Amino acid sequence: MPLARSVSNVVLFEVAWEVANKVGGIYTVLQTKARVTADEWGESYVLVGPYVESAVRTQVELLEPPQPALRRTLAAMNAQGCKVGVPEGFGVSLVAFEVVLGRSGEAWVPWYDREANDAVLFGFLVAWFLGEFAAQSEERPFIVGHFHEWLAGLGLVLSRARRLPVATIFTTHATLLGRYLCAGSVDFYNNLHSFDVDKEAGERQIYHRYCLERAAAHCAHVLTTVSHVTAAEAEHLLKRKPDLVTPNGLNVRKFSAMHEFQNLHAQSKARVQEFVRGHFYGHLDFDLDKTLFFFIAGRYEFSNKGADIFLEALARLNYLLRVNGSEVTVVAFFIMPARTNNFNVESLKGQAVRKQLWDTANAVKEKFGKKLYESLLVGNLPDMNKMLDREDFTMMKRAIFATQIIFHPEFLSSTSPLLPVDYEEFVRGCHLGVFPSYYEPWGYTPAECTVMGIPSVSTNLSGFGCFMEEHIADPSAYGIYIVDRRFRAPEEWCAQLTAFLYGFCQQSRRQRIVQRNRTERLSDLLDWKYLGRYYTFARRMALAKAFPESFTYEPPEAAAGFRYPRPASVPPSPALSRLSSPRHSDDEDERYDEEEEAAKDRANIRRPPSPPGLPPTRN
């Protein structure tokens with residue numbers, strides 16, 4: 001039985017700057033996790049974030065809070081001049097505070113750091129809110145406060161300093177100092193133990209932020225991170241070993257039939273092919289049916305995200321394809337939003353010409369069809385020399401020689417004149433996502449590929465890559481290629497990535513279909529229905545630490561969970577030499593039974609045990 005419904009007056013407040021306020025990946029964590037958390041906690045689950053007018057207008061609806069204690073709390077705070085609202089978003093109740101720039105007498109940060117000042121004010125408001133809620137409750141509440149990242153950290157610190165009845169959890173999704181150090185091209189992971197953290201934070205002018213983050217990590221009853229990679233980082237940089245790892249999940253949409261998501265891939269691929277026709281207009285000397293689409297996506301951090309070694313690997317791949325006489329062409333996309341003035345004029349021109357040629361061809365086809373119909377209607381075979389007149393030829397010539405256009409397009413939007421697809425459709429239309437990141441605490445981009453059945457490249461320095469290595473005996477057999485950037489030299493990274501890319505190019509179409517089927521089956525690993533349990537463990541641990549007279553906690557079995565063995569159709573061979581690709585040749589009659597292999601995978605799934613029941617032991 002869920003804790004919130006087996007023990008009375010237990011309330012969960014989840015606090016983050018990105019509640020209904022999209023800034024980065026934490027928004028995705030909260031938005032996708034809200035449903036499974038609400039199923040467990042019901043009306044006892046409330047998200048707390050800043051009141052951002054633009055987000056409130058587009059993402060939430062204002063409502064009357066359902067809990068009497070919450071209504072009294074908001075009324076008391078509003079009466080004292082604090083603008084507090086309760087919109088509904090993510091499918092649950094939210095509490096939103098309007099943050100006005102200023103300075104508090106109890107904490108100081110540099111005046112020029114607007115983000116840190118907002119974080120301080122937000123923290124004071126959250127602590128005020130939690131204290132007011134405890135005071136307005138008719139009976140003693142058991143409050144769980146889950147705080148995400150340093151921007152929400154001060155609320156946790158103040159809650160402990162004021163001795164509020166709150167069991168606190170702090171989740172760091174990436175450490176501040178880790179991100180800054182990696183951006184400076186240092187040998188980060190091999191020197192974690194030796195950094196002078198105060199000196200490094202001071203030199204980068206983030207010491208005040210670092211102090212907020214470190215204080216929250218040490219004051220929390222329970223500290224969690226999103227991966228074992230980030231856990232080691234937190235232990236050395238924040239000087240506390242995390243209590244639990246809480247991996248990030250997604251809401252997984254399961255298809256009733258395997259061919260459904262394969263059909264979506266084909267449809268989306270056709271949209272991407274249309275863009276390629278326009279982009280390479282006048283230079284399209286390759287066969288689109290033998291063209292593979294690779295992509296990298298994320299923040300424009302050239303080295304942190306691995307764009308540098310991806311470029312080098314593409315150059316080496318190009319050489320291998322040419323010298324080996326391959327008919328395969330690779331088109332690589334870099335989806336990294338950055339400051340720009342406009343789109344490349346030649347790209348816009350190519351898309352415009354492609355569209356005009358398509359429209360012209362359809363217009364001529366319609367006239368041709370009408371003439372053909374009229375001829376057949378009177379019982380005559382058409383005279384092909386009269387089916388197209390001079391006007392039709394003039395229209396086609398004008399389309400071929402059109403040269404002028406000006407557009408102001410949007411980026412990766414279904415309304416863009418350049419590439420009119422949204423991100424999900426674009427990912428589904430590609431063949432391989434490539435994310436050889438150096439600094440990636442989790443990695444939502446390869447996770448999104450996985451749940452859509454698109455193979456991807458990751459590294460053993462990303463949370464996602466380590467998670468997959470832990471749960472899959474042979475990740476590359478399932479379309480999860482993991483580059484070793486931890487224990488190898490840069491030349492070896494690049495060689496391994498090149499080998500993965502070249503091996504993927506050698507697969508037949510049928511092999512790629514088999515691999516996509518396997519990749520999509522891994523989506524169970526990333527479903528919040530599975531990963532949400534780790535958050536449940538963290539909450540119960542926090543309650544037991546904060547209220548030991550009322551709650552107890554027993555750690556879950558460490559070995560429980562999924563474990564996918566090597567697929568039966570993949571021979572035991574070195575991963576780099578054979579790349580563990582599906583064992584099929586171009587022979588379409590070679591045996592492969594998707595249902596049989598899927599059934600074997602399902603048999604190997606072991607869900608973690610539900611957290612042990614925690615009956616209250618009240619004095």
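The model shown is predicted, which means the values in this text are computed figures rather than measured ones. In what follows, every heavy atom counts, from backbone to side chain, and hydrogens, waters and symmetry copies are set aside.
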**Prompt:** Does a side-chain N-to-carboxylate-O contact under 4.0 Å join Arg209 and Glu115?
**Reply:** yes
**Asked** Should Lys22 and Glu18 count as an ion pair when the cut-off is N to O under 4.0 Å?
**Response** no
**Asked** Do we get Lys545 above Tyr553's six-membered ring, with its NZ or CZ under 6.0 Å from the centre and within 45° of the axis?
**Response** no
**Fill in**
Result for ring pair (Phe, Tyr, Trp, His ring centres under 6.0 Å) between Phe435 and one of Tyr444, Phe295, Phe310, Phe464 points to Phe295
**Message:** Name the residue from Val451, Thr32, Val252 that meets the side chain to side chain contact (heavy atoms under 4.5 Å, CB included) definition with Asp527.
**Reply:** Val252
**Prompt:** Nearest heavy-atom pair of Ile482 and Thr459: which atoms, and what distance?
**Reply:** CG2-C, 3.7 Å
**Message:** Is the ring pair Tyr534/Phe537 parallel, tilted or perpendicular, if the boundaries are 30 and 60 degrees?
**Reply:** perpendicular
**Message:** Salt bridge or not between Arg540 and Glu554? Use side-chain N to carboxylate O under 4.0 Å.
**Reply:** no
**Asked** Any ion pair linking Glu549 and Arg140 (charged N to carboxylate O, less than 4.0 Å)?
**Response** yes
**Prompt:** Do Thr171 and Thr224 have side-chain atoms, one donor and one acceptor, less than 3.5 Å apart?
**Reply:** yes
**Prompt:** If every non-hydrogen atom of Ala116 is compared with every non-hydrogen atom of Asp113, which pair is closest and at what distance?
**Reply:** N-OD1, 3.1 Å
**Asked** Which heavy atom of Leu164 sits nearest a heavy atom of Ala127, and at what distance?
**Response** CD1-O, 3.7 Å
**Message:** Can you tell whether the side chains of Glu235 and Lys239 come within less than 4.0 Å, N to carboxylate O?
**Reply:** no
**Prompt:** Parallel, tilted or perpendicular: which fits the ring planes of Tyr438 and Trp493, with parallel below 30° and perpendicular above 60°?
**Reply:** tilted
